[in-house]
Amino acid sequence: MSLNNKATLFLVATPIGNLNEVSNRTLDVLNNVSVIACEDTRNTLKLLTHFDIHTRMITYHNFNEENSTKGIIKLLEEGNDVALVSDAGYPLISDPGYELVNEVIANGFNIVTVSGPNAALNALVASGLKTAHYLFFGFLNSKPSQARKELEELREFPYTIIFYEAPHRIEKTLSMMREVFGDRKACLARELTKLHEEYHRGHLSELCELHDLKGEMVLIVEGYEKEKEDISEEELISEVEELVEKGEKLKKAVSEVSQKHDYSKNLLYNAYIKDKENRS
Ligand code: SAM
């Protein structure tokens with residue numbers, strides 16, 4: 001299995017839900033390495049049991065990367081090939097393994113990646129948002145004040161941004177994004193590759209109306225576009241007003257203006273009504 005006469009660390013991507021996404025190569029590697037280093041042996045055991053694989057497992061933890069790394073380097077020194085897996089998707093992508101990979105490189109062992117599923121890319125390609133350039137940000141800081149700071153730093157980033165988020169934080173995160181980024185296009189991808197896979201595409205204001213979101217989710221947000229952000233809500237309201245004065249029905253006027261400026265219909269309608277109330 002080795003590229004030279006030294007042992008190999010295989011970085012093996014595993015399913016993010018649907019077990020049929022395991023490749024023959026993944027099974028070969030998991031069957032043939034001496035040891036599988038995993039985040040949680042109970043999770044990996046389910047995968048191994050499903051495919052009748054009996055390779056020995058050891059744990060590799062985020063909170064104990066240093067000791068876990070030493071143990072794996074020792075195994076490699078003894079000539080054992082090792083596979084690193086996480087609970088789902090790619091190891092090192094919002095998962096442990098960074099320190100290990102660096103130590104393995106420093107010690108001159110081989111590293112081979114075995115391709116497979118990744119939640120971020122699945123969500124990105126189905127989002128309908130630009131894919132030519134993008135940033136994978138992963139999880140925002142769990143402290144709201146830090147998360148807001150991170151979003152502020154990203155505000156003028158011109159390309160699509162991919163976030164991971166937990167269900168208990170998603171509503172707050174969406175509303176914070178709406179405040180910091182403005183009402184950009186976004187896509188919330190849920191339960192990818194699983195039975196209840198679904199995509200909510202729209203503007204952040206529309207995603208903010210979703211409640212009780214459960215399961216695993218990825219949030220894709222459009223990048224900063226100068227021209228768009230330069231149009232103020234006041235200007236949009238004036239455009240609606242102009243059409244209404246010319247005899248257009250309010251809903252049609254809102255729809256026309258929001259389409260023209262790629263702005264949320266709901267948000268513009270509510271803003272228009274609020275503005276009318278304030279002025280009367
Ligand atoms: N290493 C993984 C990868 O390559 O995608 C990511 C692991 S990270 C600890 C877990 C997060 O990934 C979840 O909170 C969610 O944001 C995202 N995720 C994982 N599986 C998913 C799925 N089936 N559908 C949607 N999001 C998923």
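Computed from a predicted model, the values in this text were never measured in an experiment. Atom set for the values below is all heavy atoms of this structure, side chains included, hydrogens, waters and symmetry mates excluded.
Linking Ile, Leu, Val, Met, Phe, Trp and Tyr whenever their side-chain heavy atoms come within less than 4.5 Å puts V35 and L76 in one cluster. Two different hydrophobic clusters hold I170 and Y199 under the rule that ILVMFWY side chains link at heavy-atom gaps under 4.5 Å. In the hydrophobic clustering of ILVMFWY residues, with side-chain heavy atoms under 4.5 Å counting as a link, L9 and Y90 come out apart. When the side chains of ILVMFWY residues are joined at heavy-atom separations under 4.5 Å, either directly or via intervening members, L30 and V114 end up in a single hydrophobic cluster. I16 and I220 fall within the same hydrophobic cluster, where Ile, Leu, Val, Met, Phe, Trp and Tyr residues are linked whenever their side-chain heavy atoms come under 4.5 Å apart, directly or through other members.
Distance CD/E239 to CG/L268: 9.0 Å, rounded to 0.5 Å. Here the OG1-CD distance, from T173 to E165, works out to 3.5 Å after rounding to the nearest 0.5 Å. Rounding to the nearest 0.5 Å places CG of L267 at 10.0 Å from OG of S258. With rounding to the nearest 0.5 Å, the separation of CZ in R184 from CZ in R178 is 12.0 Å. Here the straight-line distance linking atom CD of E171 with atom CZ of R169 works out to 13.5 Å at 0.5 Å rounding. Distance check: S205 OG to K265 NZ gives 11.5 Å after rounding to the nearest 0.5 Å.
For N278, the CG atom counts as densely surrounded, since its 6.0 Å shell holds more than 12 non-hydrogen atoms of other residues, nucleotides or ligands. When the shell of 6.0 Å around CZ of F51 is examined, it contains more than 12 heavy atoms from other residues, nucleotides or ligands. By the 6.0 Å contact criterion, CD on Q259 is open, its count of non-hydrogen atoms from other residues, nucleotides or ligands being 12 or less. In K194, the NZ atom is crowded: over 12 heavy atoms of neighbouring residues, nucleotides or ligands sit closer than 6.0 Å.
Test M217, E216, E198 against E191 for side chain to side chain contact (heavy atoms under 4.5 Å, CB included) and you get one pass: E216. Just one residue in the list R155, R148, K172 forms a salt bridge (charged side-chain N to carboxylate O under 4.0 Å, His left out) with E179, and that residue is R148.
In this structure, P117 and P15 approach most closely via the heavy-atom pair CG-CA, 3.7 Å. Nearest heavy-atom pair, L48 versus T55, reported as atom, atom and distance to 0.1 Å: CD1-O, 4.0 Å. Of all the heavy atoms in A189 and A123, the pair that sits closest is CB-CB, 3.7 Å. The minimum heavy-atom distance between A88 and D95, with the atom names listed, is O-OD2, 3.6 Å. Between E206 and H203, the shortest heavy-atom distance links the atoms OE1-N, 2.6 Å. When all heavy atoms of V33 and D81 are compared, the pair lying nearest together is CB-O, 3.5 Å.
Within the 4.5 Å cutoff, no side-chain heavy atoms of T160 are placed close to those of T131. A 4.5 Å side-chain heavy-atom check between I73 and V104 finds at least one atom pair inside the cut-off. Side-chain contact between I58 and L75: present, with at least one pair of heavy atoms (C-beta onward) separated by less than 4.5 Å. Looking only at side-chain heavy atoms (C-beta outward), E197 and N122 stay at 4.5 Å or farther from each other. Contact annotation: the side chain of K276 never approaches that of L250 to less than 4.5 Å [non-hydrogen atoms, C-beta and beyond]. Using a 4.5 Å heavy-atom threshold, the side chains of L219 and L207 count as touching.
Without hydrogens or angle criteria, N110 side chain to K6 main chain gives a donor-acceptor distance under 3.5 Å. Between the side chain of D183 and the main chain of L204, a donor-acceptor pair closer than 3.5 Å is present. Under a 3.5 Å cut-off, the side chain of N107 and the backbone N or O of F109 do not form any donor-acceptor pair. For the pair S94 (side chain) and G138 (backbone), a donor-acceptor distance under 3.5 Å is absent. Looking at E222, its side chain does come within 3.5 Å of a backbone N or O of K185 through a donor-acceptor pair.
Using a 30° and 60° split on the angle between ring planes, F163 and F181 fall in the tilted class, from 30° to 60°.
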### Task
May I have the step-by-step check of side chain to side chain contact (heavy atoms under 4.5 Å, CB included) for F10 and V82, ending in yes or no?
CA-CA 6 Å; F10 290 91; V82 176; over 6 Å; no
### Derivation of the side chain to side chain contact (heavy atoms under 4.5 Å, CB included) call for Y164 and I93
CA-CA 10 Å; Y164 283 166; I93 301 299; 4.2 Å; yes
#### Entry: Working for salt bridge (charged side-chain N to carboxylate O under 4.0 Å, His left out), residues E225 and K130
CA-CA 12 Å; E225 281 185 39; K130 288 182 186 164; 3.8 Å; yes
### Task
Check the pair Y60, T69 against side-chain hydrogen bond (donor to acceptor under 3.5 Å, both in side chains), reporting the backbone distance first and the verdict last.
CA-CA 8 Å; Y60 182 81; T69 295; 3.2 Å; yes
### side chain to side chain contact (heavy atoms under 4.5 Å, CB included) between H200 and L213, worked out
CA-CA 11 Å; H200 297 279; L213 291 161; 4.2 Å; yes
### Message
Working note: F157 + Y224, criterion ring-ring contact (aromatic ring centres under 6.0 Å, His included); need CA distance, chi angles, decisive distance, verdict.
### Response
CA-CA 6 Å; F157 183 77; Y224 176 76; over 10 Å; no
### Task
Please report the C-alpha distance between N266 and E209 in whole Å, then the side-chain angles of each, then the deciding distance to 0.1 Å, and finally whether the side chain to side chain contact (heavy atoms under 4.5 Å, CB included) criterion is met.
CA-CA 10 Å; N266 282 350; E209 286 165 20; 3.6 Å; yes
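No side-chain N or O of H261 forms a donor-acceptor pair with one of E235 less than 3.5 Å apart. With no hydrogens or angles considered, no side-chain donor-acceptor pair links T41 and T44 at under 3.5 Å. Of the N and O atoms on the side chains of S255 and Y269, not one donor lies less than 3.5 Å from an acceptor on the other residue.
A salt bridge is absent between E153 and K149: the closest approach of a Lys/Arg side-chain nitrogen to an acidic carboxylate oxygen does not fall below 4.0 angstrom. Between E241 and R279 a salt bridge is recorded (basic side-chain N to carboxylate O distance below 4.0 Å).
A centroid separation of 6.0 Å or more is found between the aromatic rings of Y159 and Y134.
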